[in-house]
Structures are given as structure tokens and as C-alpha cells.
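Every chain is numbered from 1, with letters handed out A, B, ... down the list of sequences.
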Amino acid sequence: MLEKRYQPKDIEKKWYDFWIEKEYFKAESKSSKPPFCIVIPPPNVTGSLHIGHALDMTLQDIMIRWKRMSGFNALWLPGTDHAGIATQNVVEKELKKNGIDRHTLGRKKFVEKVWEWKKLYGGTIINQLKSMGASCDWSRERFTLDEGLSVAVREVFVRLYEEGLIYRGEYLINWCPRCHTALSDLEVEHEDLRGKLYYFKYNYVDGKGHITVATTRPETYLGDTAVAVHPEDERYRDMIGKVVRLPIINRDIPIIADEFVDSSFGTGAVKVTPAHDPNDFEMGRRHDLPFINILTGDGKMSEEAGPYAGQDRFECRRNVLRDLGEKGHLEQDKDHDHAVGHCYRCKTIVEPYLSMQWFVKIKPLAEEAIRAVKDNRTKIIPSGWENSYFDWMENIRDWCISRQIWWGHRIPVWYCDDCEELIVSRETPAQCTCGSVHLSQDEDVLDTWFSSALWPFSTLGWPGETEDLATFYPTSVLITGFDILFFWVARMMMMGLKFRGTQPFDHVYIHALIRDAEGQKMSKSKGNVVDPLKMTDAYGTDAVRFTLAAYAAQGRDIKFSEERVEGYRHFLNKIWNVARFISMNLREGDEILTVRESDMLSLADKWILSRLSSVSMEVNRALDEYRFNDSASHLYQFIWHELCDWYVELIKPALYGDNESGKQTAVSTLVHVYEAALALLHPFMPFVTEEIWQQLPGTKDVESICIRKYPTAENGIENKEAEQKMAVVMDAITGIRSIRGELNISPSVELKALIRAHDSADLILNENVAYINTLARTKDIVIGKDIEPPRDAAADVKPAMEIFVPLKGLIDVEAEISRLTKDLKKTEDEIAFLEKKLKNENFVKKAPQAVVEENRAKHTEYIDKLGSIQSNIDKLKKMDTSQ
RNA sequence: GGGCGGAUAGCUCAGUUGGGAGAGCACAGCCCUUACAAGGCUGGGGUCACAGGUUCGAGCCCUGUUCCGCCUACCA
């Protein structure tokens, strides 16, 4: 006998260990089964599981378990990402606690430290994934800094370089003064801030007045090498070519004309700081202006800043404002909202910064990636994301891939100390072409996303032509959040197409982001983070997984609320109790019959088998279309409301009765349907389904529910006739219950009932009167075509019948009259609506015939109903007055 | 600046070719009926944001408006 309540904790670990031991999650390199492959979006190796991972992981696991059970050679390839900047920051912070700086430690020692850290904590998130039930093939686990993946990175770098798609140059890049590295455009988060626009007066050197420029970054004036105006701006036409003198530092700079300038902004004259602003950089090149770098790598003012050298950039800003103000150069300031770039890793304000970096020339790669989606080689789901994808790809700019940090793939480039030679090589070169052996490798590492862009094929063994690669590439679907659509998905598309010639995945399923119950983005600083492990502790992993699946409607963010998890824990308990019910009704040695379509099956049996057939189909179809929420709600509805609320109640008389074969058929059908329901549910709730399934009779020929064939429509037996008959029986039951409920008649009181049944319903109800007696708590029911309504009865009218419950001594007649009057009103409204519609010639003429017929039938039905209700009211009224 | 999405019951949300709107939770009434009170039965509750349009018919299609959210951008 099972425990009264489901206790998840011990059970989860037990079954996970069992699955691993049996190697169910291990895919075959070569197989006669069709392949199905998902590569995991590798979480940061230093990370720990948050609710977003939990969602991502749950959806992937549902897909992979479903496909595995459906007969696919299913591979879910797991791994972690070295997460360059993030990981380096974590370890640096840790070292700082002991007063150690990475520079005093040195590169080699520091990298060793990070590896130690990785060994210690790198398994955390992997273990958390396992605790959530992830059915990954752990024998294929990868890490982006693995030897194999590093070979792939070098191969790609060298080939792109050889094709001229990687180049080195001095450009303005985004620089994080705290992380001390370049960032790609994507790694900068723009945040709208309320700032000020300052207006500075620059005097003409000829002493005749001044020109006013506006800026949000006053300190950059130290790097100004020109003032630009629009060539056609009347106000400034005569000023072009004149020279102004920068205050305090007394640098003389020219006024130039450039089409770029927007005359309507500020004063129409713009200071040009080529080394510190992307637009100014371009102008600087066009006009051959000097590039003066006024900053150092850590965000302080350089020697070029003259009197401000050594100051922090923001301190310098304040000082510049003060000084220029005192000298009368600050004309005014205005409030000004503008977007300020922040480092996505440490939130420090980034600076446009001039430096030597490596870039990928990305347009040629992007073009192919656009085509692949346009040609439907890769389908993005929901398709709305395709627009974002195209938009980004079409406006893509070269990708800065070098990072000035130590943790990552070092750039495979060597410089000769004795000549100008630059060597790009797969292998570490021994000597230069000039014969020199004094080579030094480029100090920089590659952007982390460079290596993760290769993930779908590097993890399968590329550049080797492995069996895994042949079997599983292109992968079947990538499941991830939209937040890394550009960072990762887009780049995998480009690299996969470039180096494999085919798209990396057939489908990309983009899911929503999880927010808190108020719709706010979760963040540690806001303190509104939902810890999935706390949830699984409190409610069990299965309940959390089911909740996430039920929430995962396409194209909408998820507002996560704990109450919903609680609700699904109740569902779990419901499922659990069916197992208890079965075990209570099975006696030692009871045989479970194979359920076939036969005369032995009762109406209830046939009905539930038909429903099983239909729900199996629905669930498979919903999963096929990534409608996780639909599949979850179909299962919920079926198991709770059809299986538990109806079927289990319907068969109780058979189970408690004396008819042995009826008993056996009912139990067998129940076990059959329940077993299939568990299997349908297994991808969503792996643990509880396995626990129950293992104890269910008749499952011994398969070792685990993990490898049981996933149910399809054929697992049930479709029977529309049984469903129609059952609907009639249910109507009768619901009708009587409704009278009981609304008139507050206690469930313990057995009611008499009379049913005037139309045509076929007469036979159906008479055949199944036992169901009605049990579920509606009635006795002495009389059913017939010509039933005369009793004088003092409550009534309910259904399409196929009129139900009467004699009320003598049960309730007051007034209550029933008012109940019926309410129903009357409703029916009148219905009729009015239908008549209006049917009188409309255009409707009758233009609407499809079937729709018109349907409305006519309804109309007739309601007219009948109205008559019945009215006559009942009349009778009751007569009774009332005669009393 | 450009783009995308959302507004449906008190709350969270479904609604798949346009044919008078559903679920879960919450709420109310009755019930400790031997699987389950983490339960059962019954019931109340909606101008589908607003304004137009197309149509016999609009939650759904078109136009505009308001509010909210997100993405993107070299707005000095």
C-alpha cells in the first residue's frame, strides 16, 4: 500500500540514480532509430540554477523524454560555458578577499586558480540540473574550454583569418574600465538615464566672439580636435575654416563642415572627439583629424588630459564643469535623457575607447544565416522572432572578438620579436619564417560567445568527422530564451552554416522570460528572485516542472506565482491517490486483463478508453507544435476531471459489486488507462510517474516508464457512440445534482427522480440507470418517453430529456419557482437572440448551411425547453396557491 | 528614432483557418460519501482597453487612440 501522501524527496534521488545506472539517457552514435538531438544552452560554469534555467531545462527534458519514448535515438547533449568575463570576475573577487590581485599572481598562476575554482564549483549547476530530472547524456558532457572544443576554436579562427574574415585593427570599441577589456556591441546594455546637456563656449582665436557646442560628456572636451557644423547651415557658413581655442588647455582646433551634423540638435555645432565617440571617430577619419586618447584603461584621465591627468573620469567631469564655469565657458545646461551604455557583466558605464582589437567581418556570414531562415531550413518558433532575427542580421556590424582578460581561449596568433611577422596557426609555431625563435603569443583571449557559437558541432567532435556529427548534425531543435537570440542563436547559425554547410538546427524554439508575480524582471538586487530549488524542496520537482510547462504559452512572458505550483502539487496528490485507489481494489492474485474492444466493456469503460485515445492524440499534437501549456492542460483536464471525477466514480458500483467479471473488466480498464496516463505524463513529471508505474501491475515486461512507448491514439479505443451515450448519462446526473445543489438538498438524502426521455435517450438511460443512481444518489428512478411530470417537482430540462425530482417534504416550492424563473429568463434570451439571427435574410442566405442549420436546431430545442419550464412553473404555482 | 508584444471573470492566463467566450486559483452554498478535505458536488461572476471600419456575423481581420512591457539604435 502506498503512503497516504506523496513524499517526493527520497523518491526523486532513487529513480534518477536508477535511470543513470541503466544508461537510458545514453544515445547511440549509430542507430537504426531516427535521430533526435538537442544541445543544451550551456549555463555558465560558475553559475547556479535560477528559475529561467529551470524553465529552459524542463522544456528540453519534456521534448527529449517524449521523443525518446516515441522511438527516437534521442540525444540531449549537456555542458557548461567557461563564461570568460563572468568567471574571471568571480575568481578575482574571491582572491581579493585574501588580498590577492591577479596581476601580482601573474597570468599562469591566475588561470590555474580559475581551473581550481572550476573543479570545485563547476559541478554545482550540473548537479542541480540532475536534481530537476534532466535526462542528458552525461557521457557526452562538454565544457567550452575542453581540449576538443579548443581545437575547434583554433580551426575556426585560422580558417576565418585565412579567408580574410578576421582582421586586426585600431578602432573605437566599447571598453569596460572595471573589467578592463573590450566588449562587443551586444555586451553593452543601454539604459535611459536623466543626464544633462552642457553648452560650452569656445572662443575664436581671432578674438571675435565664440561658437557654442553642446555635450553630455564635458570631460571629453580635453580630446576635442575640431568643431563640426553642417555645410549648409546658414548660421555657421562663414565660420567654417576658422579656429577656436579650447579653454584651459589652450589647444587650437578648426571648425569643419560635415554632412553628419544635425543642425537642429543643440546649437548645430558639435565638438569632435575622434578618440572617444563613434561618430567623431568617423569624422576624424574623414577630415584627417588628430586622435587624442584622454583616458587610460581603468577609466582615469591620461597624460593627454593635461591638468586633469590621473583623475577618475567622473571626478574629472565635475572638475571640468567647475573650471569652465568659473572661466565663463559654460553657457547653460539642460536636462537631457539619453541612453548610457553599461557593461553587461558588471554594470559599469562603458567608454568608447580607441585600441587595437581583433574583429570578425560578419556580413558575409550573416547573409547566409538570413537565407537559411528565409528558406525555412531553420524554422524559428514562434515565428514573430524571425523579424527581430532578420533586423539584427541585416544591420549587423563587425564583431569585436578580442578580450583583454586571461580566462578563455587565447588568440592563436604569434608575433615575431625580431621581425614584423605575424603568425596565425592551428599549432603553436616553433619559429618565425625569419628564423627567429623569439615568438610571443597575442595576450588576448576570444569572446566567450566565439566558442559557444561553435557549440552545436564542436560538441559533436568537429573538426573531426565523427559518427556523432554524422548522426546528430543538424540538431533537431534548440530551446532557449529570447535574451540570447543574438548573442548565441544568431552566431551559431552563422558558424554552423559556414563550417558545416548546413544549418545547426531545424527548429529554434524561443521561450519567454520568467518575471515575478508583478511582472518585474527578477534580479538579485530587487530581491524578487524565485529559487527553483526552494520550490522543488517545498512542492517536489514534478510539481515545479509541471507548473513551468503549464505556464509556457508561446509568445508571452511568464509571471510566476507560487500559488500555481501549489495547485499542481494538489494535482500530483490526485494522481497519487488513483494509485492508492487501485491498490485498494486489487486483491492478491488478481489478473489484469488486456483491454480490447469487446462486449465485456461497460459504457464507462468504452467512454474512458475513447477519451484516452483522444487525449493521447491531443498531447502528441501539442508537443509536436511546442504548445507545452496545451499539452499540460489536456493532461490535467483528462486525469482530474474525466478519469478521477467521472470514471473512477462510475466504476465504483462494479468494483464493490458481486459480478466478478464486471469487477475484473473495470479494474483492468482503470489500470490500462491510468498506466497510459502516467506514460503521457512522464515527460512532465518523471519522478512520480516512475514511482507509481513501478508498482503498477502489468508493467513488468518493461524496465522503466522512461523507455515505455509513448502512448498514441491507438492506446485507447476511439468510440464516438460511447462518448455520445455517456454525454446523455452525464446530463442526467448533472441535472439531478444541479437540482440538489441549488435547492440545498443534502447529499445524504436519496432522491426519487423521473425522467421524460426523448427517443434514443430513453434506452440509453434505462440501460445505465445504475450510473445515475450512484453518482446522483437517487433511487426508484423512472425513465420513459411518456412520463407524466408529478405535481410538486423540481425540474431541469436538457436537450434529450426532462428531469423531475419530487419535492414533497424536501424544500419550499417558492425556491424552486424562483430557480426555474431564472432558467426561463435565460432561455428566453437565447430564443430572442436566435430569432433575431434567423430572421436576418442575409444570415440565412450567406452563412454556411451547416451554421444555419445548427442555429435552427438550437432554436427548436430552446422553444421546447421554454415550454417545459413554463409548464413546470405553472404547476408549482398552482400547488403553492392550493396549499 | 525604429520594431515587437500585451490589454479577456476578483487574480494568473488559454482561446489554432471569423459562427453569441473557457480553465486554474479565488469567492459563495452544501457535504469529513471507505482514493484523495492538498477532497467532492453545486453555483455566482466578463460592454473581450477605447473609437471607427470590413462582414449576414468580429475577442479573432483592417485603421486610429490610450495605457503597459520588451527589443533595438553611432539622439553630440
Side-chain angles (χ1 to χ4, degrees), chain A residues 2 4-6 172 185 190 197 213-217 220 228 260-262 265-267 269-273 277-282 336-339 352 382 384-385 387-388 391-392 395 397 482-483 485-486 513 515 517 519-521 550-551 553 555-561 563-564 566-585 621 625 627 629-630 633 636-637 640-641 644-645 648-649 652 656 733-734 737-748 775-777 829-830 833-834 837 840-848 850-852 854-855:
Chain A
L2 293 115
K4 189 156 184 188
R5 286 176 182 185
Y6 175 59
L172 265 199
D185 295 336
H190 293 275
L197 192 58
V213 296
T215 182
T216 53
R217 294 186 296 155
T220 61
F260 162 79
V261 179
D262 175 3
F265 189 90
T267 61
V270 58
K271 56 193 271 318
V272 183
T273 323
D277 181 276
N279 297 315
D280 296 5
F281 178 83
E282 296 299 328
H336 181 68
D337 294 336
H338 62 142
W385 289 107
N387 282 335
S388 300
D391 188 59
W392 188 75
N395 297 300
R397 295 163 62 210
F482 63 78
D483 50 330
L485 179 60
F486 306 140
L513 235 54
R515 299 170 189 284
Q520 297 286 310
K521 211 168 174 174
Y551 258 128
R556 196 192 270 251
D557 280 347
I558 297 171
K559 287 193 216 164
F560 192 86
S561 90
E563 282 103 77
R564 194 139 172 203
E566 202 182 340
Y568 289 121
R569 180 184 58 174
H570 297 173
F571 179 44
L572 226 93
N573 199 52
K574 193 78 182 175
I575 295 163
W576 182 256
N577 274 292
V578 179
R580 294 186 70 231
F581 179 75
I582 289 172
S583 71
M584 284 171 174
N585 285 286
R621 191 159 61 189
E625 293 166 12
R627 289 181 287 114
N629 60 323
D630 282 347
S633 91
Y636 185 96
Q637 210 62 27
W640 198 314
H641 298 303
C644 294
D645 288 348
V648 167
E649 297 304 323
K652 275 180 179 174
Y656 301 150
I733 293 165
T734 310
R737 281 175 170 175
S738 183
I739 291 169
R740 186 195 288 279
E742 287 190 58
L743 298 180
N744 275 338
I745 303 166
S746 162
S748 57
L775 269 67
R777 287 229 160 196
D829 290 347
E830 296 282 356
F833 173 79
L834 288 165
K837 208 170 183 181
N840 182 339
E841 277 180 36
N842 279 323
F843 172 72
V844 178
K845 210 159 57 189
K846 292 185 183 172
V851 176
V852 177
E854 202 180 301
N855 278 278

Please determine, for the side chain of Lys559(A), which listed nucleotide (A37(B), C56(B), C13(B)) has the closest atom? C13(B)
With rounding to whole Å, what would you report as the distance between A49(B) and G1(B) at their P atoms? 27 Å
State which of A14(B), A23(B), U12(B) makes the closest approach to the side chain of Tyr551(A). U12(B)
If G69(B) has a Watson-Crick or G-U wobble mate with both distances under 3.5 Å, name it; if not, just say none. C4(B)
When rounded to the nearest Å, what value does the distance between P atoms of C67(B) and G10(B) take? 24 Å
Looking only at atom P, what distance separates G5(B) and U16(B), rounded to whole Å? 16 Å
Minimum-distance nucleotide to Ala339(A) side chain [options: A14(B), C75(B), C36(B)]: C75(B)
Earlier contact from the 5' end, RNA chain B, for Pro278(A) and Pro848(A): Pro848(A)
Looking only at atom C1', what distance separates U33(B) and G69(B), rounded to whole Å? 50 Å
Nucleotide nearest His190(A) when distance is taken to its side chain, options A14(B), A73(B), A35(B): A73(B)
Heavy atoms from C-beta onward define the side chain here; which of A35(B), C56(B), G24(B) lies closest to that of Val648(A)? A35(B)
Heavy-atom pair of closest approach, residues Arg564(A) and Tyr551(A): NH1-CE2, 3.3 Å
Of the options G24(B), U16(B), A76(B), whose atoms approach the side-chain atoms of Arg627(A) most closely? U16(B)
Can you label the angle between the Trp385(A) ring and the Phe482(A) ring as parallel, tilted or perpendicular, going by 30° and 60°? parallel
Tell me which nucleotide among C56(B), A35(B), U12(B) gets nearest to the side chain of Tyr656(A). A35(B)
When both distances are under 3.5 Å in a Watson-Crick or G-U wobble arrangement, the nucleotide paired with U12(B) is A23(B)
For C60(B), the nucleotide meeting Watson-Crick or G-U wobble distances (both under 3.5 Å) is none
For every nucleotide of nucleotides 38-45 of chain B, 5' to 3': is a protein heavy atom under 4.0 Å from its base (B), only from its sugar-phosphate (S), or from neither (-)? BSSSSSS-
Nearest of U12(B), A23(B), C75(B) to any side-chain atom of Phe265(A)? C75(B)
Kindly point out which of A14(B), A76(B), C36(B) is positioned nearest to the side chain of Asn577(A)? C36(B)
Given that both distances must come in under 3.5 Å, which nucleotide forms a Watson-Crick or G-U wobble pair with G44(B)? none
